[in-house]
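Residue numbers run from 1 in the order of the sequence given.
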Amino acid sequence: QVQLVESGGGLVQAGGSLRLSCAASGRTFSSYAVGWFRQAPGKEREFVTAISTNGGRTTYADSVKGRFTISRDNAKNTVFLQMNSLKPEDTAVYHCAAQQSSSTWFLPMSYDYWGQGTQVTVSS
């Protein structure tokens with residue numbers, strides 16, 4: 001069982017930066033791949049990025065490539081999402097999720113555990 005708690009969201013102007021954290025409980029967190037998803041009002045949940053168990057492999061949605069960076073510190077059971085050059089269209093609730101299988105990273109159904117989310121609002 002893994003519990004995930006996101007933090008670091010807030011209100012920022014366009015062009016600004018935020019760093020989200022996803023803190024996990026459980027001693028086996030290093031065996032989980034972790035993804036970030038976001039959901040804006042009235043829209044479906046959207047894949048943002050994901051990272052492998054040891055951090056050696058990452059993937060990004062085209063919409064955030066070059067602006068966002070995912071990383072993890074397994075010693076601290078935490079995954080980070082550094083978001084730079086933020087745009088108003090990045091406004092959403094951001095959720096982290098964890099999976100032990102090697103299922104397709106960009107599909108929400110691949111993930112076993114989800115956090116409650118943290119709100120990110122980017123003003124123009």
Side-chain angles (χ1 to χ4, degrees):
Q1 188 81 358
V2 175
Q3 291 184 324
L4 304 173
V5 178
E6 303 93 337
S7 62
L11 173 64
V12 64
Q13 288 187 333
S17 299
L18 283 174
R19 189 192 197 204
L20 305 185
S21 298
C22 173
S25 64
R27 292 175 293 178
T28 61
F29 179 64
S30 58
S31 66
Y32 289 81
V34 175
W36 284 95
F37 291 78
R38 64 188 182 186
Q39 188 164 20
K43 295 188 177 181
E44 293 186 354
R45 190 163 292 189
E46 175 190 20
F47 171 77
V48 176
T49 180
I51 190 167
S52 61
T53 54
N54 65 358
R57 189 162 57 101
T58 59
T59 188
Y60 297 89
D62 288 343
S63 59
V64 306
K65 201 170 293 183
R67 301 187 297 122
F68 290 11
T69 303
I70 189 172
S71 61
R72 68 188 298 162
D73 184 341
N74 284 340
K76 296 182 179 180
N77 278 10
T78 304
V79 171
F80 303 99
L81 179 61
Q82 179 67 43
M83 306 186 296
N84 299 329
S85 302
L86 283 161
K87 305 175 181 179
E89 50 264 44
D90 294 318
T91 295
V93 176
Y94 283 70
H95 298 266
C96 62
Q99 61 160 297
Q100 273 195 309
S101 65
S102 299
S103 298
T104 307
W105 282 0
F106 61 86
L107 291 177
M109 67 176 65
S110 298
Y111 293 81
D112 305 304
Y113 304 102
W114 290 83
Q116 292 298 308
T118 185
Q119 176 71 47
V120 171
T121 304
V122 184
S123 63
S124 57

Between atom CD of Gln116 and atom CD of Gln3, what is the distance when rounded to the nearest 0.5 Å?
10.0 Å
Asn74: partners by side chain to side chain donor-acceptor pair (under 3.5 Å), with sequence neighbours left out
Arg72
Phe37: partners by ring-ring contact (aromatic ring centres under 6.0 Å, His included), with sequence neighbours left out
Phe47, Tyr111, Trp114
Applying salt bridge (Lys or Arg N to Asp or Glu O under 4.0 Å) as the test, list every pair that has at least one member in residues 98-124; sequence neighbours left out.
none
Exactly one of Val34, Leu20, Asp73 should register a side-chain contact (heavy atoms from CB on, under 4.5 Å) with Val79. Which one does?
Val34
Nearest non-hydrogen partners of Leu4 and Ala24, listed with the distance:
CD2-CB, 3.6 Å
In terms of hydrophobic clusters joined by side-chain contacts under 4.5 Å, are Val12 and Val64 together?
yes
Can you list every disulfide bond (SG atoms under 2.5 Å apart) pair that touches residues 64-98, not counting sequence neighbours?
Cys22-Cys96
Closest heavy-atom pair, Thr78 versus Ser21, reported as atoms and distance to 0.1 Å, is CG2-CB, 4.2 Å
Applied to residues 42-77, the disulfide bond (SG atoms under 2.5 Å apart) test, sequence neighbours excluded, yields none
Does Trp36 share a hydrophobic cluster with Val122, counting links as ILVMFWY side-chain heavy atoms below 4.5 Å and allowing steps through other members?
yes
How long is the gap from OH on Tyr94 to CD on Glu6, to the nearest 0.5 Å?
12.5 Å
Strictly by salt bridge (Lys or Arg N to Asp or Glu O under 4.0 Å), give each pair with a member in residues 48-62 just once, sequence neighbours left out.
Asp62-Lys65
Do any pairs count as a disulfide bond (SG atoms under 2.5 Å apart) and have a residue in residues 30-65, sequence neighbours left out, and if so which ones?
none
Partners of Ser123 by side chain to side chain donor-acceptor pair (under 3.5 Å), sequence neighbours excluded?
none
Side-chain heavy atoms under 4.5 angstrom apart, residues restricted to Ile, Leu, Val, Met, Phe, Trp, Tyr: same cluster for Val2 and Trp105?
no
Check side chain to side chain donor-acceptor pair (under 3.5 Å) between Thr121 and all other residues, then give those that pass, not counting sequence neighbours.
Gln119
Shared ILVMFWY cluster between Val48 and Val93, side chains joined below 4.5 angstrom?
no
Taking every heavy atom of Ser31 against every heavy atom of Thr28, the minimum-distance pair comes out as OG-O, 2.6 Å
Only counting residues at least two apart or in another chain, list the ones meeting side chain to side chain contact (heavy atoms under 4.5 Å, CB included) with Ser110.
Gln99, Ser103, Thr104, Leu107
Which residues pass the side chain to side chain contact (heavy atoms under 4.5 Å, CB included) test with Thr58, not counting sequence neighbours?
Ile51, Tyr60, Ile70
Run the side-chain donor-acceptor check on residues 83-90: report pairs under 3.5 Å with partners two or more places apart or on a different chain.
{"residue": "Asn84", "atom": "OD1", "partner": "Ser17", "partner atom": "OG", "Å": "2.9"}
{"residue": "Asn84", "atom": "OD1", "partner": "Gln82", "partner atom": "NE2", "Å": "2.9"}
{"residue": "Asp90", "atom": "OD1", "partner": "Arg38", "partner atom": "NH1", "Å": "2.9"}
{"residue": "Asp90", "atom": "OD1", "partner": "Arg67", "partner atom": "NH2", "Å": "3.0"}
{"residue": "Asp90", "atom": "OD2", "partner": "Arg67", "partner atom": "NH1", "Å": "2.8"}
{"residue": "Asp90", "atom": "OD2", "partner": "Arg67", "partner atom": "NH2", "Å": "3.4"}
{"residue": "Asp90", "atom": "OD2", "partner": "Lys87", "partner atom": "N", "Å": "2.8"}

Write down the atom of Ser52, the atom of Gly56, and the distance for their closest heavy-atom approach.
OG-N, 3.2 Å
Please tell me if the side chains of Thr49 and Phe68 come closer than 4.5 Å, counting only heavy atoms from C-beta onward.
no
